[in-house]
Amino acid sequence: MARMVVTSPEYTISKYNLKMLKDIEEYVASCVQVNIPFNNPITGFCAFTHKAGIHAKAILANPSTYEIIDPSLFGLTRYISISSRITGWNAVKSRVLQLGYSLTDDQIKEVTAKIKQMGDIRPLAVDDADSIIHSYNLSLHQEKVA
């Protein structure tokens, strides 16, 4: 399906319900009692996940830089991971804005350093990175009050 979307997008999109691919895959996997590999093309857990610094920056600026296929065609979304020791500050900046905080680039770079430092110690979940961002933002507001 992915090859067909790349070579003949209009035809493939008009002929097939691409958003059903994930559901069909899950149904077949349950019938034959196999696990779906995390790295499956298109439907795998990490198919549209990006986390390396420059890579994530490029995806944020122009997704087609690294994605030949738009994940939304398949009812999926791209994910920019910020919970890694290889995350970049542009990805963290995007998450800071999603959380509604207003930090300078230098402050975002400090938060990114904290996330990377924790990522070197242990695997982080999104909630861990969000907590680091929240705590940093809170500490900035407490400094202003004091």
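What you see below is based on every heavy atom in this structure, not just the backbone, and it leaves out hydrogens, waters and symmetry mates. Worth saying up front: this structure is predicted, and the values here are computed from it rather than measured.
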Does a side-chain heavy-atom distance below 4.5 Å link Glu25 with Asn40? yes
Would you give the length of the straight line joining atom NZ of Lys114 to atom CD1 of Ile132, rounded to the nearest 0.5 angstrom? 9.0 Å
Excluding sequence neighbours, so at least two apart, what forms ring pair (Phe, Tyr, Trp, His ring centres under 6.0 Å) with His55? His50, Tyr66
Name all pairs fulfilling the side-chain hydrogen bond (donor to acceptor under 3.5 Å, both in side chains) condition that reach into residues 9-22, sequence neighbours left out, sorted by first residue then second. none
Taking the side chain as every heavy atom from C-beta outward, state whether Ile42 and Val5 have any atom pair closer than 4.5 Å. no
Verify the neighbour count for atom CD1 of Ile68: are there more than 12 heavy atoms of other residues, nucleotides or ligands below 6.0 Å? no
side-chain hydrogen bond (donor to acceptor under 3.5 Å, both in side chains) with Ser8: which residues, sequence neighbours excluded? none
May I ask you to check whether Ser72 and Asp70 show a side-chain donor-acceptor distance below 3.5 Å? yes
Taking the side chain as every heavy atom from C-beta outward, state whether Ser30 and Glu26 have any pair of such atoms under 4.5 Å apart. no
Could you point out which residue of Val111, Ile108, Ile133, Leu138 forms a side-chain contact (heavy atoms from CB on, under 4.5 Å) with Tyr101? Ile133
Identify all side-chain donor-acceptor contacts of residues 56-63 below 3.5 Å with residues at least two apart in sequence or on another chain.
unit_1	atom_1	unit_2	atom_2	d
Asn62	OD1	Ser64	N	3.3
Asn62	OD1	Ser64	OG	2.9

I want to check something: taking the side chain as every heavy atom from C-beta on, are His134 and Asp130 in contact at a cut-off of under 4.5 Å? no
Tell me every residue that passes side-chain hydrogen bond (donor to acceptor under 3.5 Å, both in side chains) with Arg78, counting only those two or more places apart in sequence or in another chain. Glu67
Not counting sequence neighbours, which residues clear salt bridge (charged side-chain N to carboxylate O under 4.0 Å, His left out) with Asp105? List them please. Lys93
